[in-house]
Amino acid sequence: AAAPAVGEGQELGSEVAARLSGVGLPDESVAFAWEQLKHVREIMDGVATAHCQAQQGLGPAADLQPVLACIRRVDQILAQPGVPDVDRYQGDFIVGCGYQMLGDLVQALPRLLRVVDAPAGSISVSDHLSSILVVMPMLRKAHQWAAIIKTSDKAREVAGGVWADHTLPYMKGMALQYLGRPSEAAACFEEAVVVNPGFHQAYVEYDKAMTVLRDFDACRRVAQKLVDHGGHWVNCWQRPDHFLPDPSVASRPWHLPENFPLARALEANFQTILSELHAFRDGFWGLVGQAADRGNENSSHDSDLVVGGQWSEIVVLGDTANSEANGAHFPETLSLLRRYPEVLQCSELLLGESLFSRLAPGTKLRPHCGPSNMRLTCHLGLEIPEGCEITCGGETRTWEGGKCIVFDDSYEHEVNHMGTEPRAVLLVNFWHPDIGRERWPRLMREINGKKEGAKT
C-alpha cells in the first residue's frame with residue numbers, strides 16, 4: 001500500500017531527519033555525489049529491510065514515511081550538472097526501489113529500467129540483479145513479453161553467463177509461452193528446474209509447453225525429476241495444474257467402482273438414465289470447446305483435445321442457464337445425482353460437472369491431464385459399440401453398457417473411438433473420497449485465489 005506523501009516540513013523522526021540534513025547538496029562540484037547518495041542509501045536500506053520483514057510476517061508494518069523524502073533528496077543530487085553515469089545509476093536504483101516500496105509502479109519502472117539497461121560493470125552485480133528481479137513482475141503485469149526476454153538475457157550477462165535466480169529463466173519461459181514459442185519456453189522452464197529442482201510451477205509450465213508440442217514422453221521424463229525430488233507430484237503420469245500435496249489423498253489412476261455408493265446407484269438406475277437419454281436423442285448436443293454450448297463456463301474442456309472426429313455433450317449439472325435447461329430433460333438422472341454431496345458440491349464449487357458425453361466414430365482425444373487431483377471421474381456406460389477404449393496412467397480399459405468405471409483424470413489419459421457407432425456415457429465428476437467435506441469450500445477458495453494471482 002502506498003505511504004502518505006511527505007511534505008517538506010513534515011516530521012520524519014529525529015534520527016532520519018538528522019541523517020538527511022547531513023546530506024548536503026553540491027555547489028559547483030559533483031565530486032561528493034557518491035558520498036551523498038551513500039548516506040541516503042543507508043537510510044533506504046534500513047526501511048527496505050523492515051518492509052521486507054513485515055511482508056514476510058517477521059515484524060511490524062514498516063514506517064514508509066522517510067521514503068519519499070529520500071527520493072526527493074536523490075533527485076536533487078542527480079539534478080546537478082556533471083553527475084557521473086555510475087552515480088546516476090545508483091540514484092535511479094534508490095529512487096526506483098523507493099517508489100516500488102510505495103506501490104507506485106508507474107514511477108518505479110522507468111527508473112529501474114535505466115539501471116537494468118546500464119552496461120555490465122557500471123553498477124554492482126548485486127544491485128544490477130536486484131533491479132532486474134524487482135522489474136520482472138512489473139513487466140509481467142504490463143504484459144511486456146519482449147522486454148521480459150531482453151531483461152532475462154541481461155541478467156544472465158550480468159551474472160557471468162549463469163542464472164542467478166530460478167525465477168529468471170522461468171519468467172523468460174512465460175514470456176516465450178505467451179508469444180507462441182513453446183519449444184523455446186520449454187527449454188527455459190527446464191533450465192529453471194536445474195537451478196531449483198523443487199520449483200514445481202516451472203514443471204507445470206514445462207508440461208503445458210510440451211503438451212502443445214505433443215511430446216508426452218518429455219512431459220513424463222521431466223515430471224519424474226519432480227517426483228524424485230519429492231514434495232509435490234507423486235507420479236510422472238499425474239500432472240494436473242493444481243495438485244494437492246496431501247499424502248492422505250490416495251493417488252492411483254484407476255479405482256474399483258464397487259467401492260463407491262455413487263457408482264452402485266448409477267448402475268442400479270441404468271435403464272432409467274438410458275431411457276431419459278433416448279427421449280432426448282434429437283435434442284441439442286453442444287460441441288466441446290465452444291463456450292456458447294457450455295454448461296459450466298469454468299470448465300477445462302477444450303476443443304484442442306479433439307484431434308479427430310467430434311466430441312459433444314449435454315451438461316446437466318453445471319453453473320449456467322444452459323445446464324439448468326438441460327437438466328429439465330433428465331429429471332430422474334438429475335434427482336439421483338443431487339443426492340450425493342460429493343457430486344453436487346463438485347459442480348457448485350466449480351471443481352467439475354456432470355454431463356452426458358458422446359463421441360462420434362473415429363474420434364480421438366489426445367493425451368491430457370485434468371485440472372486437479374481433488375476429484376475423481378465416474379463414467380456410466382450407456383451406448384457402447386465395439387472399438388472404444390480409454391487409457392489412463394498408461395493402462396487401457398473399455399466401457400460396458402450399464403457398468404461404471406472410476407478413474408482419476410488428473411492422470412494423463414486419452415480416448416480412442418475406432419468403432420462405427422456413437423459412444424455415449426454419463427460422466428460424473430465428484431470430490432475425491434479422501435478429502436473431507438469440511439475442507440471443500442476452503443480448498444476451492446485457495447485454488448481461485450491462486451488463479452487470480454496468476455492473472456496479475
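Just so you know, these numbers use all the heavy atoms, side chains as well, and skip hydrogens, waters and symmetry mates.
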Return yes if some donor-acceptor pair links the side-chain N/O of Thr363 with the main-chain N/O of Leu359 below 3.5 Å, else return no. no

Any side-chain heavy-atom pair from Asp127 and Val115 closer than 4.5 angstrom? no

Looking at Asp87 and Lys38, is there a salt bridge between them, counting it only when a charged N and a carboxylate O are closer than 4.0 Å? no

Taken to the nearest 0.5 Å, the spacing of Asn235 CG from Phe243 CZ works out to 9.0 Å

Go through the steps for Ile314 and Leu355 under the test side chain to side chain contact (heavy atoms under 4.5 Å, CB included), then give the verdict. CA-CA 5 Å; Ile314 308 167; Leu355 53 94; 6.0 Å; no

Close side-chain approach of Leu337 and Leu344, heavy atoms under 4.5 Å: no

Do the side chains of Glu389 and Arg397 get close enough for a salt bridge, i.e. N-O under 4.0 angstrom? no

Heavy atoms of Leu133 and Pro137 approach each other most closely as O-CD, 3.1 Å

Where the side chain of Tyr203 meets the backbone of Pro197, is there a donor-acceptor pair that is under 3.5 Å apart? yes

Taking atom NZ as the centre, does Lys208 end up with more than 12 heavy-atom neighbours from other residues, nucleotides or ligands that are less than 6.0 angstrom away? yes

Are Arg442 and Glu446 within salt-bridge range, i.e. N to O under 4.0 Å? yes

Just verifying a value: how many Å separate Leu105 CG and Lys141 NZ, rounded to the nearest 0.5 Å? 6.0 Å

Between Leu226 and His200, which heavy-atom pair has the shortest distance, and what is it? CD2-CB, 3.8 Å

Quick check: closest heavy atoms across Leu349 and Pro441, and the distance to 0.1 Å? CD1-N, 4.1 Å

Apply the test side chain to side chain donor-acceptor pair (under 3.5 Å) to residues Gln238 and Ser410: give CA-CA distance (whole Å), side-chain angles for both, the deciding distance (0.1 Å), then the verdict. CA-CA 6 Å; Gln238 188 181 32; Ser410 66; 3.0 Å; yes

Taking the side chain as everything from C-beta on, heavy atoms only, tell me whether His368 gets closer than 4.5 Å to Glu412. no

Is a side-chain donor-acceptor pair under 3.5 Å present for Arg423 with Ser357? yes

To the nearest 0.5 Å, tell me how far Phe199 CZ sits from His232 NE2. 11.5 Å

Got a donor-acceptor contact below 3.5 angstrom from the His51 side chain to the Thr49 backbone? no

Is any side-chain heavy atom of Leu443 closer than 4.5 Å to one of Ile447? no

Separation between CG (Leu113) and OG1 (Thr151), nearest 0.5 Å, reads 6.5 Å

Would you tell me whether Gln56 and Gln53 have side-chain atoms, one donor and one acceptor, within less than 3.5 Å of each other? no

So, does Ser347 use its side chain to make a donor-acceptor pair with the main chain of Gly352 at under 3.5 Å? no

A side-chain contact here means heavy atoms from C-beta on lying under 4.5 Å apart; do Val406 and Leu256 qualify? no

Checking the side chain of Trp233 only, and the main-chain atoms of Gln224 only, is there a donor and an acceptor separated by less than 3.5 Å? no

Any ion pair linking Asp217 and Arg220 (charged N to carboxylate O, less than 4.0 Å)? yes

Derivation and outcome, side chain to side chain contact (heavy atoms under 4.5 Å, CB included), residues Ser312 and Phe356: CA-CA 8 Å; Ser312 55; Phe356 290 94; over 6 Å; no

Charged N to carboxylate O under 4.0 angstrom, Glu190 versus Arg221? yes

Going by heavy atoms in the side chains, are Arg156 and Val162 under 4.5 Å from each other? no

Under 3.5 Å: donor-acceptor pair, side chain of Arg214, backbone of Thr211: yes

With a 4.0 Å cut-off on N to O distance, would you call Asp85 and Arg114 a salt bridge? no

Closer than 4.0 angstrom, basic N to acidic O: yes or no for Asp75 and Arg111? yes

So, are Lys154 and Asp117 salt-bridged, with charged N and O less than 4.0 Å apart? no

Passes side chain to side chain contact (heavy atoms under 4.5 Å, CB included), Leu351 versus Met444? Steps please. CA-CA 8 Å; Leu351 183 60; Met444 289 309 299; 4.0 Å; yes

So, is the end of the Arg358 side chain (NZ or CZ) under 6.0 Å from the ring centre of Trp311 and within 45° of the ring's axis? no

Can you see whether Asp434 engages Ser248 through a side-chain donor-acceptor pair at a distance of less than 3.5 angstrom? no

Assess, by modelled atom type and distance only, whether the side chains of Trp431 and Gln345 contain a donor and an acceptor separated by less than 3.5 Å. no

Between Pro182 and Leu213 the two heavy atoms that sit nearest each other are CG-CD2, 3.8 Å

Could you tell me whether Asp92 and Arg88 have a side-chain N and a carboxylate O separated by less than 4.0 Å? no

Here the pair of heavy atoms bringing Leu168 nearest to Ser152 is O-OG, 3.5 Å

Strictly distance-based, threshold 3.5 Å: is any side-chain N or O of Ser130 a donor or acceptor partner for the main-chain N or O of Ser126? yes

Stepwise ring pair (Phe, Tyr, Trp, His ring centres under 6.0 Å) test for Trp254 and Phe407: CA-CA 4 Å; Trp254 293 99; Phe407 63 99; 5.7 Å; yes

Atom pair NE2/OG1 of His432 and Thr377 - distance to nearest 0.5 Å: 11.0 Å

His143 and Tyr178, any side-chain heavy atoms less than 4.5 Å apart: no

Pair Phe430-Phe260, side chain to side chain contact (heavy atoms under 4.5 Å, CB included): steps then yes or no: CA-CA 11 Å; Phe430 61 99; Phe260 298 90; 3.9 Å; yes

Is the shortest distance from a Lys or Arg side-chain nitrogen in Arg375 or Asp408 to a carboxylate oxygen in the other one below 4.0 Å? no

Among side-chain atoms of Ser131 and Tyr89, is any donor-acceptor pair under 3.5 angstrom? no

Could you check if a side-chain atom of His128 sits within less than 4.5 angstrom of a side-chain atom of Val125, using non-hydrogen atoms only? no

Got a second to check how far Cys70's SG is from Arg73's CZ, nearest 0.5 Å? 8.5 Å

Charged N to carboxylate O under 4.0 angstrom, Glu414 versus Lys364? yes

Side-chain donor-acceptor pair present, Trp399, His379, cut-off under 3.5 Å: yes

